[in-house]
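Data first, discussion second: the structure below is written as structure tokens.
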Amino acid sequence: MRVLGIDTSCDETSIALVERRRILAHIVHGQHALHERFRGVVPEIAARAHVERLLPALERVLASGAPEAVAVTNRPGLIGPLLVGLSAAKAFAFVKGLPLVAVHHLEAHAAAAYLLDPPPEPPFLALIASGGHTLLYDVEERGSYRRVGQTLDDAAGECFDKVAALLGLPHPGGPAIERAGVGGDPAAFALPRPLLDDKGDDFSFSGLKTAVLYLLRRQTPPLADVAASAQEAIADVLTHKAVRAARRLGRTRLVLGGGVAANTRVRELAAERARAAGIDLFVPPRPLCTDNAAMIAVRGAELLEAGVRDTLAIDADPYSE
Ligand code: KG4
Ligand code: ZN
């Protein structure tokens, strides 16, 4: 089935056309330049930018083929931005008489791995680390995303963003920290690894940001060393806990997703630790880790194949679990 995917949940305007795991067309319009000076995403600016950009992007994507169904992110995300994509998706599905399916953004981050060749076969464990969420999904069978752990406070991406702000680096902080940390000593500062040895599968990152704040109050350390040390602490906790949970659950496959999975050190350490544990690792290329609509189309196709259809009355759910 040829599925049109739409994602406007945050600050990327994205539309894709995907047919059986093949991307026919894909547009991702970032808005970083619009939000940079505010050191974070301003919801109203994001929503207005989506309004301007969505239909021109749709027009271009439609040049690659006619969709047979429409998949759109309706949860979780920023309410204004979500409503722009959802309204456009409904109108398009209504006018063309196509089936409509609403997609959970974080489940779609996990489903992005299905675009790999070969794709991961369930059962597998998925670590999703983005700007607003950090969680583990146990995917026992196709289409079932059971949450086994999540952050108790800040998300991993949020931690990157907040540490970057403390260091005077631009938003989004993840790529900025990655660049600033090149050549830095990842062991220069012993930053905390919250919940690393805790038996549960939950995460916590707010203490790491606070530790960096106190470090900067005491001294003016080399930027590259602080960036590399913070990145190492985040990568350490994420990959250690994901691999440990996979082993405990008897999963021999691990999937990474979300913007933080675009981080080189996270990818390296995950590969190292998965290999040592005899686990096969599946990591999408970077543009499919950060927000994109191809993953929405893939998760949408999965739902459609399972017979799920949503009505034109479906609403957005910004705080959805
Ligand atoms: O999945 P995503 O694109 O959007 C959300 O659903 O939130 O994730 C965005 C988050 C931001 O916090 C950003 O700083 C982080 O992913 N990120 C990275 C990298 N690229 C994006 N973090 C670390 N290293 C990167 N290269
Ligand atoms: Zn995302």
Side-chain angles (χ1 to χ4, degrees), residues 5-14 16 28-32 35-36 39-41 43 46 72-78 81-82 85 103-113 126-135 137 150-151 154-167 169-182 184 186 203 205-206 208-209 227-239 255-270 283-296 298-299 318-320:
I6 300 180
D7 186 275
T8 60
S9 59
C10 190
D11 63 340
E12 322 277 350
T13 312
S14 187
V28 183
H29 270 315
Q31 305 178 0
H32 297 161
H35 303 281
E36 201 175 286
R39 292 202 184 283
V41 176
V72 61
T73 305
N74 79 323
R75 67 192 192 282
L78 302 168
L82 280 172
V103 168
H104 188 290
H105 181 83
L106 300 160
E107 293 173 358
H109 269 303
L127 165 67
I128 306 305
S130 73
H133 301 83
T134 293
L135 52 86
Y137 279 129
Q150 62 193 327
T151 184
D154 291 354
E158 187 177 2
C159 186
F160 270 111
D161 296 338
K162 288 179 173 171
V163 169
L166 291 173
L167 293 171
L169 295 169
H171 187 89
I177 296 248
E178 180 163 354
R179 279 192 303 274
V182 173
F203 299 91
F205 289 102
S206 66
L208 179 53
K209 155 203 73 191
S229 298
Q231 174 176 266
E232 189 67 19
I234 296 171
D236 186 18
V237 176
L238 287 176
T239 58
V255 162
L256 300 192
V260 176
N263 183 272
T264 305
R265 186 56 187 150
V266 170
R267 297 164 85 96
E268 268 174 17
L269 207 51
V283 193
R286 287 179 175 77
L288 296 176
C289 288
T290 47
D291 284 352
N292 69 87
M295 69 182 194
I296 305 303
V298 171
R299 174 63 182 135
Y319 303 113
S320 169

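Numbers for residues simply follow the sequence, beginning at 1. One-based numbering, in listed order, for ligands and for the atoms of each.
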query = Looking only at side chains, do Asp7 and Thr73 share a donor and an acceptor under 3.5 Å apart?
reply =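 The criterion, which ignores hydrogens and geometry beyond distance, is satisfied for Thr73 and Asp7.
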So how far is it from [X] [atom1] to [Y] [atom2], rounded to the nearest 0.5 Å?
X	Y	atom1	atom2	result
Phe203	Leu208	CZ	CG	13.5 Å
Asn74	Ile6	CG	CD1	12.0 Å
Glu107	Ser320	CD	OG	8.0 Å
Ile177	Ile234	CD1	CD1	7.0 Å

Numbered atoms and elements of ligand 1 in range of [X], under 4.0 angstrom, heavy atoms:
X	result
His109	1 (O), 6 (O)
Gly173	14 (O)
Gly157	12 (O)

Nitrogen or oxygen of [X] less than 3.5 angstrom from that of ligand 1:
X	value
Pro172	no
Phe160	no
Thr290	no
Gly258	no
Glu12	no

query = Taking the minimum heavy-atom distance to atom 20 (N) of ligand 1, which of Gly174, Cys159, Gly259 ranks first?
reply =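 Going through Gly174, Cys159, Gly259 one by one, Gly259 has the nearest heavy atom to atom 20 (N) of ligand 1.
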message = Run His109 and Met295 through side chain to side chain contact (heavy atoms under 4.5 Å, CB included) and show every step you take.
response = CA-CA 6 Å; His109 269 303; Met295 69 182 194; 3.4 Å; yes
key: Which segment of His105 sits under 4.0 Å of ligand 1 when only heavy atoms are counted   =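 The answer is the side chain.
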query = With backbone taken as N, CA, C and O and side chain as the heavy atoms from C-beta onward, which portion of Asp161 lies under 4.0 Å from ligand 1: side chain, backbone, both, or neither?
reply =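 Just the side chain.
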Please list the nearest protein heavy atom to [atom] with its residue and the distance rounded to 0.1 Å.
atom	answer
atom 2 (P) of ligand 1	Asp291 OD1, 3.2 Å
atom 26 (N) of ligand 1	Glu178 OE1, 2.8 Å
atom 9 (C) of ligand 1	Gly131 N, 3.7 Å
atom 24 (N) of ligand 1	Asn263 ND2, 3.0 Å

ask   = Would you call Gly132 a ligand 1 contact, heavy-atom distance under 4.0 Å?
value =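 Yes.
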request  = Please verify whether a non-hydrogen atom of Arg286 lies at under 4.0 Å from ligand 1.
outcome  = no
inquiry  = With respect to the Zn ion (ligand 2), please indicate if Cys10 possesses an N, O or S atom at a distance under 2.8 Å.
reply    = no
ask   = Checking only N/O/S atoms, does His133 have one that is under 2.8 Å from the Zn ion (ligand 2)?
value = no
inquiry  = So does Gly259 get a backbone contact from the side chain of Ser130, meaning a donor-acceptor N/O pair under 3.5 Å?
reply    = no
ask   = Counting only N and O atoms by type, is there a donor-acceptor contact under 3.5 Å from the side chain of Thr134 to the main-chain atoms of Thr151?
value = no
Stepwise side chain to side chain contact (heavy atoms under 4.5 Å, CB included) test for Gln150 and Ile128 = CA-CA 9 Å; Gln150 62 193 327; Ile128 306 305; over 6 Å; no
message = Which atom name does Asp291 have for its N/O/S atom nearest to the Zn ion (ligand 2)?
response =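 The Asp291 atom nearest to the Zn ion (ligand 2), restricting to N, O or S, is OD1.
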Verdict with supporting geometry, Leu238 and Phe205, side chain to side chain contact (heavy atoms under 4.5 Å, CB included) = CA-CA 10 Å; Leu238 287 176; Phe205 289 102; 3.8 Å; yes
request  = Taking only Lys NZ, Arg NE, NH1 and NH2, and the carboxylate oxygens of Asp or Glu, determine whether Glu178 and Arg265 approach each other closer than 4.0 Å.
outcome  = no
message = Working note: Ser9 + Asp291, criterion side chain to side chain contact (heavy atoms under 4.5 Å, CB included); need CA distance, chi angles, decisive distance, verdict.
response = CA-CA 9 Å; Ser9 59; Asp291 284 352; 4.3 Å; yes
